Number of protein chains: 2
Amino acid sequence: MGRGRPRGFDRDEALDRAMRLFWTRGYQDTSIADLTDALGIGSPSLYAAFGSKAALFCAAADRYQESDGGRPGIALLAAPTARAGVEALLRENVALFTHRGGPRGCLLTRATLSCPPDDATVVAYLERSRRERLTALRTRLKAAAAAGEPLPSDDVDTLAQHYDAQVQGLAVRALEGATRPVLQRTVDLTMAGWDALAAR
Amino acid sequence: MGRGRPRGFDRDEALDRAMRLFWTRGYQDTSIADLTDALGIGSPSLYAAFGSKAALFCAAADRYQESDGGRPGIALLAAPTARAGVEALLRENVALFTHRGGPRGCLLTRATLSCPPDDATVVAYLERSRRERLTALRTRLKAAAAAGEPLPSDDVDTLAQHYDAQVQGLAVRALEGATRPVLQRTVDLTMAGWDALAAR
DNA sequence: CCTTTTCTGTAGTGGTCGATACACAATAAT
DNA sequence: ATTATTGTGTATCGACCACTACAGAAAAGG
């Protein structure tokens with residue numbers, strides 16, 4: 001057992017609240033004071049537990065990707081075909097970005113556009129996350145191409161870029177206030193485009 | 001003629017530089033010190049000429065929309081068909097978002113995601129700009145529908161939302177570092193989807 | 001000339017930022 | 001009980017934030 005005074009708060013619960021706050025307000029606009037308020041702890045406790053604002057963000061973003069934010073990626077891989085996977089990816093993202101009671105949009109996209117470029121730790125974290133997401137998409141599509149599934153294009157790399165852009169577009173539109181039904185219809189159109197192209 | 005001491009700097013040139021700075025770093029991460037440095041003037045001169053950081057941003061954003069940032073909207077309206085208009089809109093945006101020597105992405109999208117929600121002036125400005133852009137797109141598509149042009153869908157409102165989301169997706173992808181050829185191929189795919197759907 | 005008007009440069013305002021020094025409290029090991 | 005170790009609360013730190021008071025400089029009107 002650890003020796004000193006026990007921590008007076010639940011680390012995981014604190015991470016959840018920090019995630020929510022970063023998700024709602026972005027990285028830069030979430031201050032340490034905001035965090036200590038929401039977490040109900042003093043700043044020295046926060047720094048002792050997490051190290052720095054940047055490190056806390058990375059931990060909170062990890063938690064995001066392991067919980068709500070991870071659903072779309074899982075849905076992509078779980079689907080039997082690339083067509084179903086991409087549709088599930090988009091629909092899960094719509095659900096994530098417009099979840100009632102939850103912050104709108106994507107925690108990572110939001111942070112990407114609101115993080116000062118000199119904060120190397122966070123910038124590197126975000127860059128890696130984006131690369132992993134794009135790689136997952138490309139890998140899934142490449143497997144589908146190898147399996148002979150009909151795809152909207154032979155250029156798998158462009159396909160991955162295109163559907164990744166769809167996700168980012170949904171994230172921004174959600175932040176701008178687009179409702180769930182509106183985004184769902186946007187996805188309907190995207191998938192109709194897939195079908196029309198894949199059928200040729 | 002005005003009576004007092006003449007202004008020691010060119011107001012339009014200062015606005016251009018401010019626009020560039022807001023475009024590069026977003027709203028919140030651009031400080032008054034950054035601006036006075038780039039503009040080569042003292043802060044009292046800045047405040048005398050523009051009023052406040054929020055007002056300066058609005059003026060710089062107006063300038064953006066009247067110069068580079070206005071091209072896509074003009075291209076949309078100038079094209080003979082909705083199909084050509086949407087393609088021109090997307091391609092002009094790709095050019096705008098990846099212009100060599102210019103900041104990447106969209107000044108307005110960037111500001112939307114990096115503006116503190118309590119800055120009512122800027123939030124209202126951005127909201128109005130977005131509404132106008134979406135309205136322009138919807139109006140163009142509605143006219144096309146009335147003219148009997150073949151469209152990917154009968155639901156003009158959803159079409160407008162969909163292609164607006166494309167623009168936002170391109171803006172984010174450009175900020176993330178996607179190159180111009182990559183974004184061009186994304187647009188190729190989007191327009192291929194239009195053709196495949198409109199032909200049915 | 002002198003007055004009026006307008007802009008500029010210096011030098012700050014109070015406030016908030018992320019991050020900490022330090023004393024003390026609370027536990028475990030000895 | 002003593003010591004070692006770790007977390008908490010108070011009370012800051014210097015740096016930076018948007019913004020401005022004030023005095024002097026530069027023009028026009030008289």
Side-chain angles (χ1 to χ4, degrees), chain A residues 1-15 17-18 21-22 24-61 111 114-125, chain B residues 1-15 17-18 21-22 24-61 111 114-125:
Chain A
M1 265 293 262
R3 199 132 75 127
R5 174 175 175 171
R7 183 176 285 128
F9 62 96
D10 186 301
R11 195 178 187 276
D12 281 351
E13 191 189 320
L15 257 186
R17 296 192 188 185
L21 218 54
F22 280 126
T24 303
R25 306 177 53 88
Y27 178 71
Q28 192 171 353
D29 196 41
T30 301
S31 71
I32 298 293
D34 292 334
L35 289 162
T36 55
D37 275 7
L39 276 52
I41 62 177
S43 47
S45 299
L46 188 153
Y47 280 91
F50 300 107
S52 70
K53 183 183 174 183
L56 171 56
F57 172 81
C58 293
S114 80
C115 173
D118 50 294
D119 200 325
T121 306
V122 175
V123 168
Y125 177 93
Chain B
M1 265 294 264
R3 207 141 58 142
R5 172 176 179 172
R7 183 176 283 129
F9 61 97
D10 187 300
R11 194 178 187 276
D12 281 351
E13 192 189 319
L15 258 186
R17 297 193 188 184
L21 217 54
F22 280 126
T24 304
R25 305 177 53 88
Y27 178 71
Q28 192 171 1
D29 196 40
T30 302
S31 70
I32 299 292
D34 292 334
L35 289 161
T36 55
D37 275 7
L39 274 52
I41 63 176
S43 46
S45 301
L46 187 154
Y47 279 92
F50 301 107
S52 69
K53 182 183 175 182
L56 172 56
F57 172 82
C58 292
S114 80
C115 173
D118 49 294
D119 200 325
T121 306
V122 175
V123 167
Y125 177 94

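Protein chains get the first letters and strands the later ones, always in sequence-line order, with residue 1 at the start of each. Treat the numbers as computed from the prediction; the structure is a model and nothing was measured.
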Roughly, in whole Å, what's the span from [atom1] in [X] to [atom2] in [N]?
X: A/Leu35; N: C/dC17; atom1: CG; atom2: C1'; answer: 13 Å
X: A/Asp37; N: C/dT16; atom1: CG; atom2: P; answer: 12 Å
X: B/Asp119; N: C/dT16; atom1: CG; atom2: C1'; answer: 16 Å
X: A/Leu21; N: C/dG18; atom1: CG; atom2: P; answer: 11 Å
X: A/Asp118; N: D/dA15; atom1: CG; atom2: P; answer: 17 Å

Closest nucleotide of DNA chain C for B/Gly4 versus for B/Gly42: which of these residues is on the 5' side? B/Gly4

In a table with atom names and distances, give each donor-acceptor pair under 3.5 Å that connects a side chain of residues 32-46 of chain A to protein atoms at least two apart or in another chain.
unit_1: A/Asp34; atom_1: OD2; unit_2: A/Ser31; atom_2: N; d: 3.1
unit_1: A/Asp34; atom_1: OD2; unit_2: A/Ser31; atom_2: OG; d: 3.2
unit_1: A/Thr36; atom_1: OG1; unit_2: A/Ile32; atom_2: O; d: 3.1
unit_1: A/Thr36; atom_1: OG1; unit_2: A/Ala33; atom_2: O; d: 3.0

What distance separates B/Leu21 CG from B/Asp29 CG, expressed to the nearest 0.5 Å? 9.5 Å

Point-to-point distance, once rounded to the nearest 0.5 Å, from CD of B/Gln28 to CZ of B/Phe22: 11.5 Å

Report yes if at least one side-chain N or O of B/Ser45 is closer than 4.0 Å to OP1 or OP2 of C/dT8; otherwise report no. yes

Nearest heavy-atom approach of B/Tyr47 to B/Ser52 is CE2-CA, 3.8 Å

Counting only pairs under 3.5 Å, give me each side-chain donor-acceptor contact of residues 114-121 of chain B, with atom names and distances, residues two or more places apart or in other chains.
unit_1: B/Ser114; atom_1: OG; unit_2: B/Tyr27; atom_2: N; d: 3.2
unit_1: B/Ser114; atom_1: OG; unit_2: B/Arg110; atom_2: O; d: 3.2
unit_1: B/Asp119; atom_1: OD2; unit_2: B/Tyr27; atom_2: OH; d: 2.9

Quick one, give me the B/S/- string for nucleotides 17-24 of chain D, reading 5' to 3', where B means a protein heavy atom under 4.0 Å from the base and S means that only happens at the primed atoms, P, OP1 or OP2. SSBBB--B

Considering only heavy atoms, which members of residues 6-15 of chain A lie under 4.0 Å from some atom of DNA chain D? A/Pro6, A/Arg7, A/Gly8, A/Phe9

Can you list everything that forms a side-chain hydrogen bond (donor to acceptor under 3.5 Å, both in side chains) with A/Tyr125? Sequence neighbours excluded, please. A/Asp62, A/Gln65

Per-pair distances, 0.1 Å, donor-acceptor, side chain in residues 5-12 of chain A, under 3.5 Å, sequence neighbours excluded:
unit_1: A/Asp10; atom_1: OD1; unit_2: A/Asp12; atom_2: N; d: 2.9
unit_1: A/Asp10; atom_1: OD1; unit_2: A/Glu13; atom_2: N; d: 2.9
unit_1: A/Arg11; atom_1: NH2; unit_2: A/Ala49; atom_2: O; d: 3.3

